[in-house]
Visitor: 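Please see the structure below; I have some questions.
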Amino acid sequence: MIEALSGRFSTAWLCKQLGVARSGFYAWRQRQHNPGPRAQENEAITAQVQAVFDRHRGFYGAPRVHQELKAAGLKVGHHRIARLMRCSALKAKTRRGFRPCRNNGSKASGVAENLLVPRQAPWPVGVNQVGR
C-alpha cells in the first residue's frame, strides 16, 4: 500500500500514518526484490516436495515426503517439510479402508433392529387402565 501511494505522498508520511518504521518498509521492499538464501532454499525444497507429492498422487503427507527426500540425500527437518507443505496448501488425501460387502442376495445380514419405532402394546389398553 505504501509502495502504491508513494507517488502521491511521501514515504515518511505514509509510514508514520500506518505506524510502520521507515527502515522496516525499506527492508521489506528489499526482501521482496532480493530474497535471502533461506527463502531461495525454501523455494527449491518446495519444488522437490511438490514433485514427490504429485508422484504419489497426493497420498503422501509430511512424514513420508520427508522420508523420500531423506532417501534422496536431502538433509532437511520434518517440521520444515510440514511447514512448507502447509504454506503450499499440500494436504494428503486419506485412503478409505477396505470393507467387504456383507450383502448376501436380497437380504442384508447383520442389520440391527430399529429400536426407535414405537412398539405395539401386547395387551389392549382400556380407558381406565394405565399402559406399562
Visitor: List in chain and number order the residues that pass side chain to side chain donor-acceptor pair (under 3.5 Å) with Q40, two or more places apart in sequence or in another chain; answer none if no residue qualifies.
Guide: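 With sequence neighbours excluded, Q40 shows a side chain to side chain donor-acceptor pair (under 3.5 Å) to no residue whatsoever.
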
Visitor: First locate atom CG of L90, then atom CD of Q50, and finally report the distance between them rounded to the nearest 0.5 Å.
Guide: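 CD of Q50 is found 5.0 Å from CG of L90.
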
Visitor: Before giving the answer on side-chain contact (heavy atoms from CB on, under 4.5 Å), spell out for I45 and I81 the whole-Å C-alpha distance, their side-chain angles and the decisive distance to 0.1 Å.
Guide: CA-CA 8 Å; I45 293 171; I81 298 293; 4.0 Å; yes

Visitor: According to the side-chain hydrogen bond (donor to acceptor under 3.5 Å, both in side chains) rule, which pairs have a member within residues 72-88, sequence neighbours left out?
Guide: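 For residues 72-88, and leaving out neighbouring residues, the side-chain hydrogen bond (donor to acceptor under 3.5 Å, both in side chains) pairs sorted by first residue read E41-R80, N42-R80.
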
Visitor: Got a sec, which hydrophobics cluster with F59, joining ILVMFWY side chains under 4.5 Å apart, including via others?
Guide: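 For F59, no cluster forms, as it stays isolated from other hydrophobic side chains.
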
Visitor: Taking side chain to side chain donor-acceptor pair (under 3.5 Å) as the test, write out the residues that go with Q30, two or more places apart.
Guide: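 Once residues adjacent in sequence are excluded, Q30 has no partner under the side chain to side chain donor-acceptor pair (under 3.5 Å) criterion.
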
Visitor: Mind checking side chain to side chain contact (heavy atoms under 4.5 Å, CB included) for H56 and listing every partner two or more places apart, or none if nothing turns up?
Guide: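 Side chain to side chain contact (heavy atoms under 4.5 Å, CB included) list for H56, sorted by chain: V52, Y60, E68.
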
Visitor: With sequence neighbours excluded, give me every ring pair (Phe, Tyr, Trp, His ring centres under 6.0 Å) pair touching residues 25-46.
Guide: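 Sorted result for residues 25-46: empty, none.
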
Visitor: Enter the distance from L84:CG to E43:CD here, rounded to the nearest 0.5 Å.
Guide: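 These two atoms lie 10.5 Å from each other.
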
Visitor: To the closest 0.5 Å, what do you measure between OG (S10) and CG (L5)?
Guide: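 Taking OG in S10 and CG in L5, the distance rounds to 11.0 Å.
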
Visitor: Looking only at heavy atoms, what is the nearest atom pair of H66 and G77, with distance?
Guide: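 Between these two residues, the closest heavy atoms are CD2-C, 3.7 Å.
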
Visitor: Is it true that a side-chain atom of K91 and a backbone atom of G61 form a donor plus acceptor pair closer than 3.5 Å?
Guide: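 No, the answer is negative, given that no donor and acceptor are paired below the 3.5 Å cut-off.
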
